Amino acid sequence: MAEPLKNIYSPSFLMNLGQTIQAVDSSFPVEAFVEKVMNDHWEELALKARIRHISNVLGALLPNRYEDAIDILLEVNRHCSGFPYLILPDYVEVYGQANEHFELSMRALEAFTQQSSAEFAVRPFIIQNPERMMKQMRAWSMSENEHVRRLASEGCRPRLPWGQALTEFKQDPAPILPILTQLKADPSLYVRKSVANNLNDIAKDHPEIVLHIAQKWIGQHSHTDWIVRHGCRGLIKKAAPEVMALFGYTASSKEVPLAEDAEIIVTPDQIRIGDVTELKYNLLIRTSGTARIRLEYGIDFVKSSGKVSRKKFLLSDKTAQEGARLSGSRIHRWADLTTRRHYPGLHRIILLLNGQEIAETQVQLEL
């Protein structure tokens with residue numbers, strides 16, 4: 001089993017961090033720092049709780065004056081990089097939100113994000129003062145540093161995983177759009193991924209806005225086309241006709257089907273939670289000429305309430321020739337995941353072509 005991520009904050013890491021701080025501030029008590037962090041409740045804490053706990057201990061041991069503490073951490077930041085050092089921007093989130101500290105906190109977050117990431121730490125600032133903070137984010141979107149430009153996008157994602165939800169931007173994403181426009185052809189893939197993820201977040205609440213952006217942006221630049229495609233991935237999964245047409249997928253409907261002789265077979269069809277099944281599919285493309293296709297299988301998972309919720313899995317996304325017979329197999333695992341639990345019941349499995357159901361089968365899942 002993989003080591004829990006929270007264990008990156010080991011005694012040796014904490015000791016090394018304490019010594020790095022002490023090299024800047026000789027009065028910093030390294031042993032007391034490690035002891036206070038690894039208190040009686042340490043083992044119970046999850047990853048984010050550990051980060052916050054370390055920030056709080058730093059707050060107790062660094063100079064009381066915020067400006068002095070940040071000067072120390074900015075020097076420490078020069079010698080520290082990587083995911084574990086999210087504790088530095090977290091310190092700013094905890095202690096730097098006072099209005100009189102805004103400019104200093106922004107300089108600190110700009111420095112810290114270049115070594116780790118300040119995407120979580122900026123969000124309370126946005127919630128507290130969205131107009132002032134988004135002005136700062138727009139300035140960051142024009143930075144020469146790709147990490148700072150990424151922060152401008154990633155930090156204001158309405159639905160950032162692990163981050164506080166930006167409810168105001170879920171309701172109205174307009175303040176985000178100038179930043180995404182600025183970054184729509186960014187030379188850094190690191191930044192482009194963030195812009196695409198931001199668009200995908202927005203599409204969950206405002207699909208019409210993202211569709212309009214996609215229609216406006218597509219064809220301007222290869223980097224922009226990449227962003228548009230990945231930013232619309234959620235809309236493509238939903239197979240909205242306008243989105244499918246935008247990306248060149250051949251139209252298919254029950255009246256004018258794109259395929260015939262379609263089937264999907266599951267083996268075995270009676271299983272227990274934790275088992276695996278093999279899915280085999282087969283279909284004939286009947287369109288004239290070539291067709292852009294997206295082939296998926298969907299499972300209507302039974303929930304604890306007895307209702308079902310569909311999850312789709314991509315099989316193929318390509319151009320197919322007229323008369324092509326497409327066939328293949330896929331192993332599906334029915335083990336519980338952190339993001340999905342399985343419940344007993346009859347599960348419907350569907351083969352979908354460009355969003356249209358073309359074949360189905362079912363599997364009986366038992367405890």
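Computation of the quantities below employed the complete heavy-atom set of this structure, encompassing side-chain atoms and omitting hydrogens, waters and symmetry-equivalent molecules. Note that the structure is a prediction, hence the values are computed from the model and not measured. Heads up: numbering here begins at 1 and tracks the sequence.
- By the criterion of side-chain heavy atoms lying less than 4.5 angstrom apart, applied directly or through intervening Ile, Leu, Val, Met, Phe, Trp or Tyr residues, Leu337 is not grouped with Val363; the two fall into different hydrophobic clusters.
- Under a 3.5 Å cut-off, the side chain of Asp269 and the backbone N or O of Val266 do not form any donor-acceptor pair.
- Looking at every heavy atom in both residues, Gly298 comes nearest to Leu352 through N-CD1, 3.6 Å.
- A donor-acceptor pair under 3.5 Å is absent between the side-chain atoms of His147 and the main chain of Ala111, judged by distance alone.
- Proximity of a side-chain donor or acceptor of Arg123 to a complementary backbone N or O of Arg157 within less than 3.5 Å is detected.
- With salt bridges taken as basic N to acidic carboxylate O contacts below 4.0 Å, one links Arg310 and Asp300.
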* Apply the test side-chain contact (heavy atoms from CB on, under 4.5 Å) to residues Glu366 and Ile271: give CA-CA distance (whole Å), side-chain angles for both, the deciding distance (0.1 Å), then the verdict. => CA-CA 6 Å; Glu366 304 291 349; Ile271 56 172; over 6 Å; no

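- Enclosure of atom CD in Glu131 is not indicated, since only 12 or fewer non-hydrogen atoms of other residues, nucleotides or ligands lie within 6.0 angstrom.
- Between atom CZ of residue Phe120 and atom CD of residue Glu154 there is a gap of 8.0 Å, rounded to the nearest 0.5 Å.
- A distance of 9.0 Å separates CD of Gln356 from CE of Met244, quoted to the nearest 0.5 Å.
- Side chain of Asn282 to backbone of Ser327: no donor-acceptor contact under 3.5 angstrom is found.
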* Step by step, would you call Lys48 with Asp90 a salt bridge (charged side-chain N to carboxylate O under 4.0 Å, His left out)? -> CA-CA 10 Å; Lys48 289 197 71 177; Asp90 191 71; over 6 Å; no

* **Chi angles and distances behind the salt bridge (charged side-chain N to carboxylate O under 4.0 Å, His left out) call for Glu296, Lys237** => CA-CA 9 Å; Glu296 303 164 289; Lys237 284 185 178 180; over 6 Å; no

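- Considering only heavy atoms from C-beta on, Cys232 comes within 4.5 Å of Phe247 through its side chain.
- Ser81 and Gln115 form no side-chain donor-acceptor contact under 3.5 Å, judged by distance and modelled atom types alone.
- Here Glu322 does not pair with Arg286 in a salt bridge; the nearest charged N to carboxylate O distance is not below 4.0 Å.
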* Take Phe125 and Ser105 through the test side-chain contact (heavy atoms from CB on, under 4.5 Å) and record every step on the way to the result. => CA-CA 10 Å; Phe125 289 91; Ser105 292; 4.1 Å; yes

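- The number of heavy atoms from other shown groups lying within 6.0 Å of CD (Glu168) does not exceed 12.
- Under 4.0 Å is where a charged nitrogen must lie from a carboxylate oxygen, and between Glu119 and Arg150 at least one such pair does.
- Ring centers of His347 and Trp334: under 6.0 Å apart, within the cut-off.
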* Go through the steps to decide whether Tyr281 and Leu295 satisfy the test side-chain contact (heavy atoms from CB on, under 4.5 Å), and finish with yes or no. => CA-CA 10 Å; Tyr281 62 90; Leu295 188 65; 3.5 Å; yes

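- Rounded to the nearest 0.5 Å, atoms CG (Leu73) and CD1 (Ile21) are 6.0 Å apart.
- Side-chain contact of Ser27 with Asp25: a donor-acceptor pair under 3.5 Å is present, judged by distance alone.
- When side chains are defined from C-beta on, Leu180 counts as touching Ile202, because their heavy atoms get closer than 4.5 Å.
- For the pair Gln362/Ile349, no side-chain contact is recorded, criterion being any heavy-atom separation below 4.5 Å from C-beta on.
- Proximity of Leu258 to Asn354: side-chain heavy atoms (C-beta onward) are separated by under 4.5 Å at one or more points.
- Atom NE2 of His79 has more than 12 heavy atoms from other residues, nucleotides or ligands within 6.0 Å.
- Trp42 carries Arg50 over the face of its six-membered ring, with the cationic atom under 6.0 Å from the centre and within 45° of the normal.
- Under the side chain to side chain contact (heavy atoms under 4.5 Å, CB included) rule, Ile54 has a single partner from Ile51, Asn56, Leu58, which is Leu58.
- In this structure a side-chain-to-backbone donor-acceptor pair under 3.5 Å is missing from Lys36 to Glu31.
- Atom-to-atom distance recorded for Thr20:OG1 and Arg78:CZ is 12.5 Å, nearest 0.5 angstrom.
- Using a 4.5 Å heavy-atom threshold, the side chains of Pro344 and Leu365 count as separate.
- Cation-pi geometry between Arg340 and Phe301 is met: under 6.0 angstrom from the ring centre, within 45 degrees of the axis.
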* **Working for salt bridge (charged side-chain N to carboxylate O under 4.0 Å, His left out), residues Asp71 and Arg65** => CA-CA 10 Å; Asp71 283 345; Arg65 188 171 177 267; 5.9 Å; no

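- You'll find the side chain of Tyr9 reaches within 4.5 Å of the side chain of Ile87, heavy atoms only.
- Summarising the geometry, atom OG1 belonging to Thr319 is positioned 4.5 Å from atom CZ belonging to Arg292; distances are rounded to the nearest 0.5 Å.
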* To do: Go through the steps for Lys170 and Asp201 under the test salt bridge (charged side-chain N to carboxylate O under 4.0 Å, His left out), then give the verdict.
  => CA-CA 9 Å; Lys170 284 184 182 180; Asp201 279 4; over 6 Å; no

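- A donor atom on one side chain and an acceptor atom on the other are not found under 3.5 Å apart for Gln182 and Ser141.
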* ring-ring contact (aromatic ring centres under 6.0 Å, His included) between Phe28 and Phe33: does it pass, once the steps are laid out? -> CA-CA 8 Å; Phe28 187 78; Phe33 169 66; 5.5 Å; yes

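- For Asn99, the side-chain hydrogen bond (donor to acceptor under 3.5 Å, both in side chains) test picks out Arg132, with sequence neighbours left out.
- Here the side chains of Val30 and Leu17 are not in contact, with every heavy-atom distance at 4.5 Å or above.
- Counted within 6.0 Å of CD on Glu67, heavy atoms from surrounding residues, nucleotides or ligands total more than 12; the atom is thus considered enclosed.
- In Gln128, the CD atom is crowded: over 12 heavy atoms of neighbouring residues, nucleotides or ligands sit closer than 6.0 Å.
- In this structure, Tyr91 and Tyr95 have tilted ring planes: the angle between them lies in the 30° to 60° band.
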* Could you walk me through whether Trp140 and Ile179 pass the side-chain contact (heavy atoms from CB on, under 4.5 Å) check? -> CA-CA 9 Å; Trp140 280 338; Ile179 292 172; over 6 Å; no

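- Within the 3.5 Å criterion, the main-chain N or O of Ile299 finds no donor-acceptor partner in the side chain of Arg348.
- A donor-acceptor pair under 3.5 Å links the side-chain atoms of Gln220 to the main chain of Lys216, judged by distance alone.
- Only one option out of His332, Lys312, Glu360 pairs with Tyr297 in a side-chain hydrogen bond (donor to acceptor under 3.5 Å, both in side chains); it is His332.
- With hydrogens and angles disregarded, no donor-acceptor distance shorter than 3.5 Å links the side chain of Arg233 to the backbone of Asn200.
- A cation-pi arrangement is not found for Arg330 relative to Phe313, the charged atom failing to lie both closer than 6.0 Å to the ring centre and inside a 45° cone about the ring normal.
- Side-chain N or O atoms of Thr277 include none that pairs as donor or acceptor with a backbone N or O of Thr267 at under 3.5 Å.
- Leu160 and Leu177 fall within a single hydrophobic cluster, where Ile, Leu, Val, Met, Phe, Trp and Tyr are joined by side-chain heavy atoms under 4.5 Å apart, directly or via other members.
- Counting only distance, with no hydrogens or angles, the side chain of Asn197 and the backbone of Lys193 share a donor-acceptor pair below 3.5 Å.
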